[in-house]
Structure formats: structure tokens, C-alpha cells
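Read through the structure below, which is laid out as C-alpha cells, and then see the notes.
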Number of protein chains: 4
Amino acid sequence: MKTKDKIIHCALKLFNEQGERQITTNHIAADLGISPGNLYYHFSNKQEIIRSIFQLYVEQLEASFRPHADQRLTLEHLTSYLDASFELMWRFRFMYANLLELLARDPQLEEQYQALQQELANWSRDILLQLRDSRFITGDDATMMELADSVKFIIGAWIAYQSAQLKGGEITKARLYQGVLKILFTLRPYFTEESQHTYQGLYQHYVKFAERNK
Amino acid sequence: MKTKDKIIHCALKLFNEQGERQITTNHIAADLGISPGNLYYHFSNKQEIIRSIFQLYVEQLEASFRPHADQRLTLEHLTSYLDASFELMWRFRFMYANLLELLARDPQLEEQYQALQQELANWSRDILLQLRDSRFITGDDATMMELADSVKFIIGAWIAYQSAQLKGGEITKARLYQGVLKILFTLRPYFTEESQHTYQGLYQHYVKFAERNK
Amino acid sequence: MKTKDKIIHCALKLFNEQGERQITTNHIAADLGISPGNLYYHFSNKQEIIRSIFQLYVEQLEASFRPHADQRLTLEHLTSYLDASFELMWRFRFMYANLLELLARDPQLEEQYQALQQELANWSRDILLQLRDSRFITGDDATMMELADSVKFIIGAWIAYQSAQLKGGEITKARLYQGVLKILFTLRPYFTEESQHTYQGLYQHYVKFAERNK
Amino acid sequence: MKTKDKIIHCALKLFNEQGERQITTNHIAADLGISPGNLYYHFSNKQEIIRSIFQLYVEQLEASFRPHADQRLTLEHLTSYLDASFELMWRFRFMYANLLELLARDPQLEEQYQALQQELANWSRDILLQLRDSRFITGDDATMMELADSVKFIIGAWIAYQSAQLKGGEITKARLYQGVLKILFTLRPYFTEESQHTYQGLYQHYVKFAERNK
DNA sequence: CATGAATGAGGTTTCATTCAT
DNA sequence: GATGAATGAAACCTCATTCAT
């Protein structure tokens, strides 16, 4: 790994652990065992490091969400998407802890973030429509749109919400995956009669998962 | 208004406008036209100002949510509760923009926040059970619990989520009230046959409201 | 007691306990339950409080050292003088902890202090000459002068020296009275043959005293 | 000389001249012509500078007092020790002007200081016992112990005592070396018959020295 | 006599960033 | 690529002192 990448990953680690505000560029350099001058050789300022982290986030997000081509969507696909997105949020959780501050400080980042949100909205909508096509769920178009927005909302807001509930802010994997349960619960009323069984299976799977990770 | 209160309100205003991080104690003093020493006469440090703002938030929240005594709960009550809580969040929106940072920095605040969240959880649960008693909605106990948690989640996360979607972070009242719509949408599948009509009325009311404030 | 005197005594207490540097005028006012404004009504600045404390010290010192008129000096007189002076130093110990700083900051105080030191020198010399007249001790004039200076030196330096040896700076009475023993030890070689017995009695008295107060 | 050392020496100089309390970190930086930030690059706070000065003092002290190995102790050795220790005290005189304050503020420093005092006590005792072995002085063990303590006391307290006697606190070398005379005077009664001559020689040497430097 | 809010200069410290090597 | 000393603006906070009441 190149120094530039090391800086990005080290910064991400420290930001997640202690918050972006408490971590100075000197902390990052010290943690890596490099000089502050060297850090500034690779990045012209702290904000650029944050932008690079965001870039990494976008890349990983898009890789996860790239649709499985022509395959028919199964519920397993859905949950694997959900798993991936929650994992991702976990890896970049400092961003969610400070999102508004970060965006307010950096219009360029704000623009990128909002473009990404649009992509996520489309993706969320497509998934739901596919689920309807496959008769897992049912509902009119407007309902599907609103439901897609709910899903996107839960994904985007879950980490910050949960972290704030927990002493020391240290969220666990179990708490993280309750976000998936929350999405399933929100979709439940729209599951068709014949997929109730599938729903139950999925739900129990995550309940067990959460219990194992308590 | 006493200087102490002026400081609290001025700080709240500036924090909402520019973020807590960018506003220094000197900014607050300058905005009020008082000396930094005077500010420190009333508050022993910046954190204490933040705590006082939080105190104000708690007081206003509890005033809004104090149940309407023995009256039967109508949907109008529900929405007036929702209106109040979204308004409140709007008035204290900087807290939601930085919640995790604020809590991480101040264990005392964290404790108070988490106690408040517990109250909100109870309140949310009670409302839903009353709605079920009044046959507006239906569902087993577990469902009611989960639904109550969803409502609390939406209330707690909506501002930060919406602000992040908007250029300049400047959320509008219309966007704010879409949070109420989101709650209604989440409850919809559980509305009884006979209250569908009530639901539609409410929903349309907020849709119109949102449109007016676009 | 008038407010003015209360301020002096309170300041003395706090200075002794925590050091003059750490005690602000507001601390003094708060400890007395009066307003800072009131404190400044009685004293025009902090330095004046210190000067008043010094004045009190001078008065008490002079009262203690006022010679017992025409009486012949006994060793009991000597030790009662020593007791008194060590007690006094104990009551005004903060001054010894900071003497140079205090004098450097306040030329007026410096002048008074140095005048007092001259008085002490005279007094010390007189005592020793009287002791020689009474054939307790023996030695030529130069020796008596030097011895008198040694006594004055021990009195003036003992508290600061001993406090620095002790964890937490909290000197005990026992340690304080070892200063008297140190003076006696310094005089010992000059005691006449016939007063050796008296010397032993005195010395043992203070040794026991010190042990009792350990 | 490295910047770090320059800071230590500059701080020592300014502290000696004006007192630690009046010298701010900005004064030190300004006097050196460096930025305050640079000072804080080398020392994390003012206290650390003080600790480093103390460290320097300890090193110089230990270098001076390291016994002249296997050689027999002569009175010349003794006085060269005394000279060295008084010189040292002179170089670090601000510490003696504020000793109690400094120790009260910094428990780590207090511990080091008290360990050093223990070393000095041992050193003082060893010298006196060697002098007795060499028949310069005479006396029982208890007397030697008490005498050793007197010597240590004079060394430790002389500067503060003398400075307080002098207008402007500006002690001269002559006054400083009277501390050596005071020690010699204190030892005099214990000098053996045969070394009286040596004593006189030494004493006169310092008297002349003092007169030259008046 | 007394109150207590207010002042403001200045102290300690932080930290993103620069620059000579 | 890399070092690490250096910068300087600015943050937070203190405290002796003032002043209207």
C-alpha cells in the first residue's frame, strides 16, 4: 500500500474511533509514523483527506450496489444488498456522525454526496420494483416510491441514530443489523400472502444473528 | 431577558446557522455586544452553554409532550404532538447535526440525552396503544412496540437526514413536515378499515401544507 | 469583627492553605460570602490586602518580641520568644512560601520587610548579649554578632525549608519546633560549663514536645 | 545549541531576572525571537519547561557533588564543594524564590526534589564523617548528624534568605559567599585544636573574597 | 456599605499548514 | 518522497478591577 492510501486508511480508522474533530493531521502522521510534512506532500490539506475517504466510500458503495445483472432478484439478493450497505456504513461511520458539519464545510463534498443520494434513491426504487415484479411485495407506484424512500432513509440514518442511543457511542454489530430488521419490518405489510413464509425466514435469520452478536 | 438567557438564545441561533464547531465563545459575545469576560461570568465554559441549550430543549420537549390528561386521544392530538416535536427539532437543529460529537464530548449530556430518549420511547408507545384502544390502528403488542420505535426513530433522525439532502443544509418547513408524512405512511398499513378515511384526511392536510410551504 | 478585618483574616487563611497565586480576589469574596465589589470597597487592590496582612504580622511580631522590660533574661524567656516567633511564622506561612515574589512585586512591602529584619537583628543581638551577661553563654563580640545572625537566619528560613521537605508541603507542629531545636543546637557550643545542665533540660523539653506532636 | 536548549536557558534567565510568575510563555518566545507555536512544539506546556530546568539543575548538582573518588578529603575539597553548590544555587535562584509554589503545583517535581534532598543529606553526612576521620573536626555521631543537617539547611535556605534582605532582591556574589562563611562558622566549635589554623586560613580567604566582591 | 454584572487585556495552548533541508 | 522544526492566527479561559444601582 502506498503512503497516500495508508494515510487515507489511517485517517478513516482514527476518525471512526475518536471523531474527525479530535483527530489532527499531526495525530494521523504520528499514528502512521510519518512526518506531518510528508502527509502534506500527499494531501494539500485535511479536507482533501476527508474527500479521499469519501471517494473510497463512494467506490465501495457502488461496487456493492452494482446490480447482479440480468438475474432475477431474490430476497437473498435484497438482504445481501442490505448487509453490504450496513457494513459499509459501519466502516465509514464517522461520516454519519458528522455528516452535516462535513457537508456544510465543503460544498464540493456536498455535491458529491447529494449525487450519491440520488443514485441510492434510484437503486432503492429499482430494487423495490423488481421485488414487486417478482410478486414478493405488492402496492401501487406511489406506495413503492414512498417505500423506497423509507428504505433509503433507514439506511442513511440508522448508524447515527443507534450510536446516539448507546453509552460511549460504541455501536455493536447486533445493533447495526437491527437496521436491517427495521427495513424488513417497514416492508412487511406489503409482502404478498405467498411470500409471508419467506419473510418470516428472513426476519428470524436476522433476529438470531443479532442475538449471536449481542 | 437576562444576559444569561440572551447568551443561550444567541448561541442557539448561531449554532443553528453556522454549526457549533465554527462558533467560538468570542463570536457569541461579539454578536451580543458583550465582553468575553461577561460571557464567562455567566457560564464557566462553552460546554455549559451547550448543556443549558439542551436543558431548554428538554423543557420545551416535555412541555409539548405532556399528555392531554384524561382526554381520549384523537388523531388531531397525534398530529399536534408530531407538529410540536418537528417544530422543536427545527428550533434545536444544530444538536441533530452534531449529536454524536456532542454526546461523545460530554458524558453528562449523553446520560441526559439517553434518559430523554427513554421518555420518548414510553411516550411513543403510549400514544400508539391509545390509538389502538381507540381502534384507529390495529396490531399485536410486538408490532405496536416496533411501530413505536419506528416513530421515535423517524422523529429523531429526520432533521439530520433531510438537511443532508439539501443544498446549503437549509431545510425548509415543507421538508420538515414531510417527516410527519413519513410517520403517517409508516403507520398506514395498520390503520383500521373504518379510519382509512381519517387517515386520508390527515395525509392530504400535510401534503397541502407541504406544498404551500415549498 | 469588621468586614475589612474579615477580609484580611480570610485572605490569610486561604493564602496559607492554597498559596497566594491560586487565590483570586473573587475566591476571597466568595469564601466570605460577600461581593467582589464590596471587597474592593475596603481594599483598592489585591496588593493592599497583602500589605494589610503584613501589617498584622508586624504587629503580632512586635508584640511578641517586646522585651520583658527590666526583668533578667532567663532561658525560659528565650524559649518563649522562640516559641512565639515560630508560631507566628506558622500563622503567616504563605509569606515565607513566596517571600521573594511578594517583595519583588511591591517595593513598599520590601522596605517594610527590611526594616523589620533590622529590628529582628537588633533584638536577636540583644538577647544574645543578655544571655552572655547572665553567663549562660560565652564568646567574644564578633562571635555574638555572628551567632545572632544565625539565630535570625534560622527563624526566617526554617518554615520554607521544612515545608519543601514534606510531601504536600503540610508542615506539622513537630517539624516547626525542630527549628527551635536547631537554634539551641547552634548555640550549644557557646553554653558555659555551669549552664550545660540547663541546656540539656531545655533540649529534652523540645525533643519530647516534638515527639508528642509527631 | 538546539532550540529546545535555548528555550530552557532563556527561560532560566528570564525566571531568575523577573520571577517565574511574571514570565509568560510568550515572553520566552519573544525573547528568543521564535513563535509561541514553536515553543509549544518543543514543550507541551510551561510546567514542562520548569521541569527541564530542574532536570538541568539536578544534573549540574550531581556533577559537582560526585565525590573525588578515593582521595582523602581536604578542607580545600570541602570548600570547593561549597563554592560549587552556592554557584549552582545562584544559577538556579528563581527556584529558591518560589520553591514551595513550584512544588505545590507539580507533585512530580516535588518527588524529584525530595529525592534530591535525600541525596544531599547523605552527601553532607559523608563529608562531615570524612572530616572527622581526618581529624579536622570532632564530635559524637549524633552531633555529626545534626551538624550535617545544619549544613544542608544553610545551603538550601541561604539564597532565599539573603535575597529577601537586599533591595531589589539582587543578591551579590559577596552575599552569596557569606553562606560559605556561615557554614564555616557553624562548624567552627567542632574544629580540633590542630586544625584551628586551617580554619582561620579558610575563613580569612572567604572574608577577603567577600570584600573584593562587595 | 454592599451588590453583582460587566470589562478587557492577556495568559496558555492548539493546530492546520509551510518550508528549508 | 520525506523530515521535522517552525509559523501564526485564533481558541478557550482567567482575573484584577470597575461601575451602575
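Chain letters run A, B, ... following the sequence lines, proteins first and then strands; every chain starts at 1. Hydrogens, waters and symmetry mates are skipped; everything else that's a heavy atom, side chains included, is used.
- The same atom, C1', is picked in dC1(E) and in dA20(F); the two are 15 Å apart, to the nearest Å.
- Of the side-chain N and O atoms in Thr3(A), one or more sit less than 4.0 angstrom from OP1 or OP2 of dA2(F).
- dT13(E) atom P lies 9 Å from atom CD1 of Ile49(D), rounded to whole Å.
- Ring geometry, Tyr57(A) versus Tyr96(A): the interplanar angle exceeds 60°, so the pair is classed perpendicular (tilted spans 30 to 60°).
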Discussion item. At under 4.0 Å between heavy atoms, how does the protein contact nucleotides 14-21 of chain F? Give one character per nucleotide, 5' to 3', with B, S or -.
Written reply: BBBBBB--
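- One atom, CG of Leu39(D), and another, C1' of dA9(F), lie 17 Å apart when rounded to the nearest Å.
- One atom, CE of Met1(B), and another, P of dA5(E), lie 16 Å apart when rounded to the nearest Å.
- One interatomic measurement links the two molecules: CZ of Arg105(A) to C1' of dA16(E), which rounds to 12 Å at whole-angstrom precision.
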Discussion item. Could you write out DNA chain E as dot-bracket? Rules: Watson-Crick or G-U wobble, both distances under 3.5 Å, brackets [ ] for crossings, | for pairs with another strand, dot for unpaired.
Written reply: .||||||||||||||||||||
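- Dense packing is recorded around NZ of Lys13(D), with more than 12 heavy atoms of other residues, nucleotides or ligands lying under 6.0 Å away.
- Between the C1' atom of dC12(F) and the CD1 atom of Ile7(B) lies a distance of 15 Å, rounded to the nearest Å.
- Taking only side-chain atoms of His42(C), from C-beta outward, the nucleotide of dA5(E), dA2(E), dT7(E) with the closest atom is dA2(E).
- One finds the CG atom of Leu32(A) at 8.0 Å from the CG atom of Leu39(A) (value rounded to the nearest 0.5 Å).
- Rounded to an integer number of Å, the gap from Ile34(B) CD1 to dG4(E) P is 19 Å.
- Using bins of under 30°, 30° to 60° and over 60° for the plane-to-plane angle, the ring pair Phe94(D)/Phe15(D) lands in the tilted bin.
- Residues Val58(D) and Gln112(D) form no side-chain contact, since every pair of their non-hydrogen atoms from C-beta on lies 4.5 Å or further apart.
- Separating the CZ atom of Phe43(C) from the C1' atom of dC1(E) is a distance of 14 Å, rounded to the nearest angstrom.
- Side chains of Leu56(C) and Asp5(C) form no contact here, defined as non-hydrogen atoms less than 4.5 Å apart.
- The only member of Asn26(B), Thr24(B), Thr25(B) that meets side-chain contact (heavy atoms from CB on, under 4.5 Å) when paired with Pro36(B) is Asn26(B).
- For the OP1/OP2 pair of dT7(E) and a distance below 4.0 Å, the side-chain nitrogens and oxygens of Ser35(B) include at least one atom meeting the criterion.
- One interatomic measurement links the two molecules: NZ of Lys4(A) to C1' of dA2(F), which rounds to 16 Å at whole-angstrom precision.
- In this structure, the side-chain contact (heavy atoms from CB on, under 4.5 Å) partners of Glu101(A), at least two apart in sequence or on a different chain, are Asn98(A), Arg105(A), Arg21(B), Gln22(B), Asn98(B).
- No more than 12 heavy atoms of other residues, nucleotides or ligands lie within 6.0 Å of CD in Glu111(A), so this atom counts as exposed by the packing criterion.
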